[in-house]
Number of protein chains: 2
Amino acid sequence: MDKIKTENTETEILKAAKEIFQQKGMAGARMQEIADKAKINKALLHYYYRSKQLLFEAVFKSAFSLLAPQLNKVLNDDSDLFEKIRKFTENYVSFVIKHPYLPNFVIQELNKNPEFVQKLRSEKNFPSIEKFKLQVSDAINQGIIKPIEAEQLFINIISLNIFPFIGEPLLMALVNVDKESYNKILENRKTEVAEFIINSIKI
Amino acid sequence: MDKIKTENTETEILKAAKEIFQQKGMAGARMQEIADKAKINKALLHYYYRSKQLLFEAVFKSAFSLLAPQLNKVLNDDSDLFEKIRKFTENYVSFVIKHPYLPNFVIQELNKNPEFVQKLRSEKNFPSIEKFKLQVSDAINQGIIKPIEAEQLFINIISLNIFPFIGEPLLMALVNVDKESYNKILENRKTEVAEFIINSIKI
DNA sequence: ATATAGTTTAACTATTTGGTTAACAAAATT
DNA sequence: AATTTTGTTAACCAAATAGTTAAACTATAT
């Protein structure tokens, strides 16, 4: 089947490109290396994706479309605030174990290319904070949590969950543990982080 | 003066190299661009630093030696735990405003080159967590704070302080504010973050 | 004044790298 | 069965890029 063969090749390329781009970034990635990993000729990369830039954009969009639903779990989920924080924290660790380089990749390339954000924003499913804001102010009015700006709380949640992965090599060195122990620490954070946040805001 | 002239050129190169490497990373930086920024011929870069790799290492070490004392403020300062958290948080924001690309640069290059950590570890002034551990367990024993592992608390402090800068483009988009408003949010974090942490752990 | 050591440049080289071309192979279409 | 379309490759090209060389220049010491 032609269709199947094509789809396989195209998927193979995207898979290989993801690995290389996410590990080395746009600037550090080499088309030849991607071709090798996909076990095809370099010209085929250009046949399917025209240029390094376009291949990169395909990888980037695909990465972001995996990350966005994760973020939406904090922002646009209907569950109760505390429950939401607990679920997100628990899920996020599992997510990053499946896609270890992904969050770092997205953040890194956004830093080097802040105008990308505009492109992402216009797309559907781009996470919005509005609902979360309402939920936080409701919880404050109902006396469930102490006054805090929703933006600050959101940044705290995201920071506590994402940074331990992005800063892994640095944190491992500072905390002075090996990979195995660090993984245990991360595993513990599945519950630890949520309780840390809830402790801070609950009345 | 010969000496002064040499030192100026060498310093000019390092200054230019810092800017370029910290913004674009090892892979994205171009020797020509560094030479242009330092207003010298490209051959002079090699005269003073032999290779891109060596120039990069000079920049990296210099960057880390600025970051290390900041981290030591949480780890090896003598002040009281709460006071320490407040001071660190306050200082860190000012530090990053002075060196916007620095923390991201260090973390990014460590991710792409985890073996760098070994080189850094052996150097003096490499931050150690031991003192902080004692301080936390003392505070727990004295009933000042709830039980928490020092490692987890440390990771939380660092995450809450560093990530808002590293994730700036992403967070700005998610929180849906412009640069000016985001800067205000960061400014507020100077006190906000410390209180968030202390609220969570104090009894 | 002159030798000497250090500094700087223009021009060059070798290699890497993204991208192209032309020929070939395999399917799909007629 | 013939032809068109799609997929794949080896060989090639031009631009970019790290690094080199040799000569010129500058300042200091002799």
Side-chain angles (χ1 to χ4, degrees), chain A residues 1-63 105 108-109 112-113 115-116, chain B residues 1-63 105 108-109 112-113 115-116:
Chain A
M1 291 291 129
D2 174 37
K3 203 64 182 289
I4 284 171
K5 200 174 186 186
T6 292
E7 272 182 17
N8 275 348
T9 304
E10 207 170 329
T11 311
E12 253 352 271
I13 292 176
L14 202 64
K15 216 175 82 186
K18 270 182 196 173
E19 285 187 46
I20 303 293
F21 275 128
Q22 291 187 16
Q23 282 180 48
K24 313 207 165 176
M26 170 66 173
R30 297 291 162 249
M31 293 298 267
Q32 187 60 59
E33 204 180 350
I34 294 172
D36 291 348
K37 178 149 271 176
K39 282 174 194 148
I40 47 141
N41 187 289
K42 186 161 66 82
L44 253 199
L45 294 182
H46 292 93
Y47 177 76
Y48 281 105
Y49 290 93
R50 280 189 57 88
S51 70
K52 187 184 183 186
Q53 183 63 32
L54 287 174
L55 177 54
F56 170 78
E57 280 173 25
V59 169
F60 187 81
K61 276 182 193 166
S62 151
F105 169 68
Q108 203 46 37
E109 297 301 331
K112 268 159 198 158
N113 248 320
E115 67 275 14
F116 274 15
Chain B
M1 290 295 124
D2 174 37
K3 202 66 182 290
I4 284 171
K5 200 173 185 186
T6 292
E7 272 182 17
N8 274 348
T9 305
E10 209 171 327
T11 311
E12 255 348 275
I13 291 176
L14 202 64
K15 217 174 81 184
K18 271 183 196 173
E19 286 186 46
I20 303 292
F21 275 129
Q22 292 187 16
Q23 282 180 50
K24 313 207 165 177
M26 170 66 174
R30 296 291 162 250
M31 293 297 266
Q32 186 60 59
E33 204 180 352
I34 294 172
D36 291 347
K37 178 149 271 176
K39 282 174 195 149
I40 48 141
N41 187 289
K42 187 161 66 83
L44 253 199
L45 295 181
H46 291 92
Y47 175 75
Y48 282 105
Y49 290 92
R50 280 189 56 91
S51 70
K52 187 183 183 186
Q53 183 63 32
L54 287 174
L55 178 54
F56 171 78
E57 280 173 24
V59 168
F60 187 80
K61 276 182 192 165
S62 152
F105 169 68
Q108 203 44 38
E109 297 300 331
K112 266 158 199 159
N113 247 320
E115 67 275 15
F116 274 15

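Just so it is clear, the values below take in all heavy atoms, side chains as well, and ignore hydrogens, waters and symmetry mates. Here is the naming used below: chain letters follow the sequence lines, and residue numbers restart at 1 for every chain.
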In whole Å, I'd like the distance from the CG atom of B:L44 to the P atom of C:dA10.
11 Å
Checking A:N113 now: which residues fulfil side chain to side chain contact (heavy atoms under 4.5 Å, CB included) with it, not counting sequence neighbours?
A:E115, A:F116
Restricting to side chain to side chain donor-acceptor pair (under 3.5 Å), what partner residues turn up for B:S62, sequence neighbours left out?
B:K18
Nearest whole Å is fine: how far is D:dA18 P from B:R50 CZ?
16 Å
Tell me the interatomic distance from B:H46, atom NE2, to D:dG19, atom P, rounded to whole angstroms.
4 Å
Should B:I20 and B:V59 count as side-chain neighbours, where that means a heavy-atom distance under 4.5 Å?
no
Show the distances under 3.5 angstrom between N or O atoms of the protein and N or O atoms of nucleotides 10-13 of chain D.
from	atom 1	to	atom 2	distance (Å)
D:dA10	OP2	A:N41	ND2	3.3
D:dA10	N7	A:N41	ND2	3.0

When rounded to the nearest 0.5 angstrom, what is the spacing between OH in A:Y47 and CD1 in A:I40?
12.0 Å
Rounded to whole Å, please give me the gap between CD in A:E33 and P in C:dT17.
9 Å
Only counting residues at least two apart or in another chain, list the ones meeting side chain to side chain donor-acceptor pair (under 3.5 Å) with B:E33.
B:K24
Rounded to the nearest Å, what distance is computed from the CD atom of residue A:E12 to the C1' atom of nucleotide D:dG7?
15 Å
Can you sort out the partners of B:E57 under side chain to side chain donor-acceptor pair (under 3.5 Å), two or more places apart, ordered by chain and number?
B:Q53
Who pairs with B:F105 by ring-ring contact (aromatic ring centres under 6.0 Å, His included), at least two apart in sequence or on another chain?
B:F56, B:F60
With sequence neighbours excluded, tell me which residues meet salt bridge (Lys or Arg N to Asp or Glu O under 4.0 Å) with A:K61.
none
Go through residues 15-32 of chain A and report each residue with a non-hydrogen atom lying under 4.0 Å from DNA chain C, sorted by number.
A:A29, A:R30, A:M31
Please report, rounded to the nearest Å, how far the C1' atom of C:dT8 is from the NZ atom of B:K39.
17 Å
A:Y47 side chain near C:dG19 phosphate (N/O to OP1/OP2, under 4.0 Å)
no
Residue pairs passing the salt bridge (charged side-chain N to carboxylate O under 4.0 Å, His left out) test where at least one lies in residues 35-50 of chain B, sequence neighbours excluded:
B:E19-B:K37
Within the 4.5 Å heavy-atom criterion, are A:Y49 and A:L14 side-chain neighbours or not?
yes
Rounded interatomic separation in angstrom, taking OH from A:Y49 and C1' from D:dT8:
16 Å
Could you give the CD-to-C1' distance, from B:E10 to C:dT8, as a whole number of Å?
15 Å
Select one nucleotide: of C:dT8, D:dG19, D:dT8, the one nearest the side-chain heavy atoms of B:T9.
C:dT8
Considering only heavy atoms, which members of residues 51-62 of chain B lie under 4.0 Å from some atom of DNA chain C?
none
Could you tell me which residues satisfy salt bridge (Lys or Arg N to Asp or Glu O under 4.0 Å) with A:E109, sequence neighbours excluded, listed by chain and number?
none
